[in-house]
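Every value quoted in this text rests on a predicted model; they were computed, and no experiment measured them. Chain identifiers are assigned alphabetically (A, B, ...) following the order of the sequence lines, protein sequences preceding nucleic acid strands; residue numbering begins at 1 within each chain.
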Amino acid sequence: MAQRFWLFKSEPSVFSFDDLEKSPSRTTSWEGVRNYQARNRLRDEVKRGDGVLFYHSSCAVPAVVGLCTVVREAYPDPHQFDRKSRYYDQTADPAEPRWLLVDVRAERALPKPVTLDQIKSTSALAKMDLLRRGNRLSIQPVSAAEWKAIRKLGGL
DNA sequence: GCCAACGTTGGC
DNA sequence: GCCAACGTTGGC
């Protein structure tokens, strides 16, 4: 399977790219996917070695700020069984875990973050899911061409 | 803080 | 299986 590309959203006030770079091994488990479409993508399509655009949402300047790599494919999210977690799911069955997560490692920050405004005004990026009205999916597919364009805009 | 868009839930 | 109510997301 050829390498694919994704865009993962995170609220920087909760977990920023900077936080990821400071994490052990620059790696984190991508917590909190609680949407079936996103879950199915994690389960079926996101593979080790895939590229991930780290996007900051719900903040002053929404932007793609860094590049990551998927280092571990989907496995059961332990938080669904942890009463104390904000991601606890009372109805999750340990025998058949409902929610999954993958691990991602920071590769590098973009020298120049690529802002939502820039994405909107770049014709090569006009078809990104991000720009679809009302799109709230936290895990979105990105084409190879879009990946390249973002890298370039970001100064790589 | 507002509000549009969308997913999920639950009554019927 | 429909659909209204509700909760959440996320740009502004």
Side-chain angles (χ1 to χ4, degrees), chain A residues 4-23 28-46 50-68 70 73-104 106-143 145-155:
Chain A
R4 295 204 207 182
F5 302 101
W6 309 95
L7 178 145
F8 286 13
K9 289 184 198 171
S10 185
E11 296 183 29
S13 60
V14 177
F15 190 81
S16 68
F17 189 75
D18 198 43
D19 293 330
L20 177 57
E21 290 197 298
K22 288 177 184 154
S23 301
T28 191
S29 53
W30 200 266
E31 300 179 4
V33 171
R34 292 292 181 271
N35 168 287
Y36 288 103
Q37 219 180 321
R39 193 260 335 245
N40 293 347
R41 242 176 219 148
L42 286 181
R43 183 188 60 200
D44 302 333
E45 301 180 40
V46 178
D50 283 358
V52 174
L53 300 173
F54 195 114
Y55 177 80
H56 282 172
S57 67
S58 293
C59 56
V61 185
V64 176
V65 294
L67 307 181
C68 307
V70 176
E73 293 178 14
Y75 59 101
D77 180 349
H79 301 94
Q80 66 195 306
F81 307 121
D82 177 2
R83 279 177 178 285
K84 283 177 292 219
S85 168
R86 65 177 286 207
Y87 300 119
Y88 176 62
D89 181 347
Q90 207 176 358
T91 63
D93 175 3
E96 207 171 338
R98 172 172 304 163
W99 303 112
L100 306 172
L101 43 69
V102 298
D103 290 355
V104 300
E107 292 307 327
R108 57 178 308 174
L110 291 176
K112 297 179 288 181
V114 178
T115 67
L116 182 59
D117 278 351
Q118 273 179 289
I119 292 171
K120 283 180 183 166
S121 60
T122 301
S123 56
L125 301 175
K127 291 197 175 139
M128 286 189 75
D129 269 17
L130 198 59
L131 303 183
R132 263 195 30 239
R133 251 158 82 80
N135 184 16
R136 307 183 316 182
L137 265 191
S138 58
I139 293 181
Q140 309 180 350
V142 171
S143 74
E146 288 160 352
W147 174 269
K148 264 175 95 173
I150 294 270
R151 279 183 62 100
K152 196 170 172 194
L153 281 172

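Atom CD in Gln37(A) sits about 16 Å away from atom C1' in dT8(C), given to the nearest Å. Arg41(A) places its CZ atom 12 Å from the P atom of dG7(B), with the value rounded to the nearest Å. Leu116(A) places its CG atom 18 Å from the P atom of dT9(C), with the value rounded to the nearest Å. Note: CZ (Arg98(A)) to C1' (dG7(B)) measures 15 Å, nearest angstrom. Taking atom CZ of residue Arg132(A) and atom P of nucleotide dA4(B), one finds them 19 Å apart after rounding to whole Å. At whole-Å resolution of the value, CG in Asp89(A) and P in dT8(C) are 14 Å apart. Rounded to whole angstrom, the span from the NZ atom of Lys120(A) across to the P atom of dG10(C) amounts to 14 Å. The distance from atom CD of Glu11(A) to atom C1' of dG10(C) is 8 Å, rounded to the nearest whole Å.
Set against dG11(C), dT8(B), dG7(C), the side chain of Arg136(A) has dG7(C) as its closest nucleotide. In this structure, of dG10(C), dT8(B), dG11(C), it is dT8(B) that holds the atom nearest to the side chain of Tyr36(A).
Not one side-chain nitrogen or oxygen of Lys9(A) sits closer than 4.0 Å to the OP1 or OP2 atom of dT9(C).
Residues Asp89(A) and Trp99(A) have side chains that bring a donor and an acceptor to within less than 3.5 angstrom of each other. A donor atom on one side chain and an acceptor atom on the other are not found under 3.5 Å apart for Tyr87(A) and Asp82(A).
Asn35(A) is linked by a side chain to side chain donor-acceptor pair (under 3.5 Å) to nothing, counting only residues two or more places apart in sequence or in another chain.
Proximity of the aromatic rings of Trp6(A) and Tyr55(A) is defined here by a centroid distance below 6.0 angstrom, and this criterion is not met.
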